[in-house]
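First listed ligand is number 1; within each ligand, the first listed atom is number 1. Values below: all heavy atoms of this structure, side chains included; hydrogens, waters and symmetry mates excluded. This is a predicted model, so every value here is computed, not measured.
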Amino acid sequence: MSQDQWSAVDRYIADLYVPPDPALDGALRSMAAEGIPLINVTPNQGRLLHILALAKGARNILEIGTLGGYSAIWLARALAPGGRLITLEANPKHATLARANIANAGLAEVVDVRLGPALETLPQLVAEQAGPFDLVFIDADTLNTPAYIAWSLKLTQPGSLIITDNVVRDGAVLDVTSSDPYTQAVRDINETLASAPGLAATVLQTVGSKGYDGLALAVVTEQKH
Ligand code: SAH
Ligand code: DHB
Ligand code: MG
């Protein structure tokens with residue numbers, strides 16, 4: 001199996017299941033035009049997030065790591081009537097572009113892009129009692145992800161879904177002795193999700209147009225905070 005085959009099959013799935021979409025396609029084009037790194041979820045992963053939010057009947061969604069708003073658009077389109085999504089972004093250029101892309105998708109009224117380091121905006125969400133969130137998508141800086149998981153536990157309730165991106169990193173997660181802080185952080189993330197009281201979690205390995213990685217899926221079973 002090769003990257004070429006993963007990409008070809010990913011394209012086959014997207015051609016079948018993800019129709020051309022001006023708002024989503026425009027968001028990707030805008031990121032390329034602005035020279036923003038194209039580290040958004042793939043179209044098929046976006047559709048998976050959308051389906052999980054639909055299955056959950058999510059009315060209150062939290063995203064950590066907005067980039068150009070691509071995954072936020074997928075998630076916000078799954079919101080139940082009256083729902084809203086809050087997405088946290090530290091980079092002003094990314095936040096500005098995301099707001100434009102979200103408005104272009106007709107979602108400005110239901111999506112709140114909060115500018116600032118998530119370690120500062122998450123306590124604000126707790127303080128303003130913005131939770132409980134039905135779904136949290138963690139896709140920002142890996143080194144802070146263990147902390148984001150802890151904040152997510154404070155902002156969810158039993159039945160909530162916590163999804164964490166980039167938990168396999170090309171298999172680097174197996175490298176016990178690695179001195180790479182990202183590898184150590186990913187191992188820490190998996191150990192945290194696996195052992196956190198009040199969570200039922202697993203990891204789905206993923207291959208596709210963006211290589212080999214994994215998504216952790218966790219359901220809150222018990223409120224611990
Ligand atoms: N979820 C997006 C991709 C996010 S990429 C999508 O799939 O479309 C990761 C984003 O996290 C980047 O935009 C980066 O600027 C942002 N980020 C990095 N560190 C952060 C922090 N400490 N707080 C908030 N956002 C952060
Ligand atoms: C990177 C970050 C991501 O969230 C991702 O999905 C892929 C790559 C990165 O920083 O390289
Ligand atoms: Mg990611």
Side-chain angles (χ1 to χ4, degrees), residues 3 6 10 18 21 23-32 34-50 52-53 61-78 85-102 104-105 107 111-125 135-152 162-173 180-183 185-186 189 203-217:
Q3 179 60 57
W6 298 341
D10 215 22
V18 184
D21 185 301
L24 288 168
D25 301 342
L28 295 181
R29 272 198 308 277
S30 76
M31 286 163 51
E34 293 283 325
I36 287 175
L38 301 178
I39 54 174
N40 51 279
V41 296
T42 65
N44 292 324
Q45 291 167 346
R47 187 138 175 96
L48 173 64
L49 293 173
H50 179 84
L52 291 170
I61 298 179
L62 172 63
E63 176 178 73
I64 308 174
T66 315
L67 194 66
Y70 184 77
S71 54
I73 293 170
W74 273 113
L75 284 165
R77 283 182 175 168
L85 179 147
I86 298 177
T87 181
L88 310 181
E89 175 56 55
N91 182 317
K93 182 175 171 185
H94 298 183
T96 299
L97 186 67
R99 288 190 183 110
N101 287 330
I102 287 161
N104 185 47
L107 294 164
V111 178
D112 181 2
V113 180
R114 302 253 180 131
L115 178 61
L119 288 179
E120 292 174 16
T121 47
L122 284 162
Q124 289 166 11
L125 293 180
L135 188 155
V136 181
F137 179 44
I138 303 175
D139 188 19
D141 47 334
T142 297
L143 298 184
N144 282 323
T145 295
Y148 300 155
I149 293 168
W151 282 105
S152 298
I162 300 173
I163 305 171
T164 308
D165 196 22
N166 310 116
V167 299
V168 171
R169 290 184 76 97
D170 244 318
V173 70
D180 172 22
Y182 292 89
T183 300
V186 172
I189 291 162
V203 169
L204 193 63
Q205 298 189 75
T206 57
V207 295
S209 61
K210 297 208 171 182
Y212 170 38
D213 214 319
L215 269 183
L217 304 177

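Listed here is the closest heavy atom pair of Thr66 and Ala98: CG2-CB, 3.6 Å. Heavy-atom minimum distance, Ala27 versus Ser30: O-OG, 2.8 Å. The minimum heavy-atom distance linking Ala95 with Glu89 is given by the pair N-CG, 3.8 Å. The heavy-atom pair separating Leu49 from Ser71 by the smallest distance is CD1-CB, 4.1 Å. In plain terms, the two heavy atoms of Asp213 and Val168 that are nearest each other are OD1-N, 3.1 Å. Heavy atoms only, all atoms of each residue included: Ala53 and Ala78 are closest at CB-CB, 3.6 Å.
Protein heavy atom closest to atom 6 (C) of ligand 1, with residue, atom name and distance, is Ser71 OG, 2.9 Å. Of the protein's non-hydrogen atoms, the one nearest atom 23 (N) of ligand 1 is Ala118 N, 2.9 Å. Ranking the protein heavy atoms by distance from atom 15 (O) of ligand 1 puts Glu89 OE2, 2.6 Å first. Protein heavy atom nearest atom 8 (C) of ligand 2, with residue, atom name and distance: Ile39 CG2, 3.6 Å. Scanning all protein heavy atoms for the shortest distance to atom 20 (C) of ligand 1 gives Asp141 OD1, 3.5 Å.
The Mg ion (ligand 3) has an N, O or S atom of Asn166 closer than 2.8 Å. Residue contacts to the Mg ion (ligand 3): Asp213 brings no N, O or S atom closer than 2.8 Å.
With hydrogens and angles left out, the side-chain atoms of Asn104 and Asn101 include no donor and acceptor closer than 3.5 Å.
Some N or O of His94 is nearer than 3.5 Å to an N or O of ligand 1, by distance alone. At least one N or O atom of Tyr148 sits closer than 3.5 Å to an N or O atom of ligand 1. Considering both main-chain and side-chain atoms, Gly65 comes within under 3.5 Å of ligand 1 through a nitrogen or oxygen pair. Residue-to-ligand polar distances place Ala90 within reach of ligand 1: an N/O pair is separated by less than 3.5 Å. Between Val41 and ligand 1, at least one pair of N/O atoms sits closer than 3.5 Å.
The atoms of ligand 2 that sit less than 4.0 Å from any heavy atom of Asp165 are 6 (O). Residue Asp139 approaches ligand 2 through these ligand atoms, each under 4.0 Å from one of its heavy atoms: 4 (O). Interface of Pro117 with ligand 1, defined as ligand atoms under 4.0 Å from a residue heavy atom, comprises 23 (N). Under a 4.0 Å criterion applied to the non-hydrogen atoms of Glu63, ligand 1 contributes the atoms 1 (N). Within ligand 1, counting atoms from 1 as listed, the ones closer than 4.0 Å to a heavy atom of Asn91 are 15 (O).
Here Asn40 has no heavy atoms under 4.0 Å from ligand 2, in either its backbone or its side chain. Of the heavy atoms in Thr66, only backbone atoms (N, CA, C, O) come closer than 4.0 Å to ligand 1. Residue contacts with ligand 2, taken as heavy atom pairs separated by less than 4.0 Å, involve Asn166 solely via side-chain atoms from C-beta onward.
Classified by interplanar angle (parallel below 30°, tilted 30° to 60°, perpendicular above 60°), the ring pair Trp6/Tyr212 is tilted.
For atom 9 (C) of ligand 1, the choice among Leu67, Leu115, Asp139 with the nearest heavy atom turns out to be Asp139.
Of the listed residues (Thr121, Asp112, Leu119), just one forms a side chain to side chain contact (heavy atoms under 4.5 Å, CB included) with Leu88, and that residue is Thr121. Considering Leu115, Val111, Thr87 in turn, Leu115 is the only one that fulfils the side chain to side chain contact (heavy atoms under 4.5 Å, CB included) rule with Arg99.
A salt bridge links Asp21 with Arg77: at least one charged nitrogen is closer than 4.0 Å to a carboxylate oxygen.
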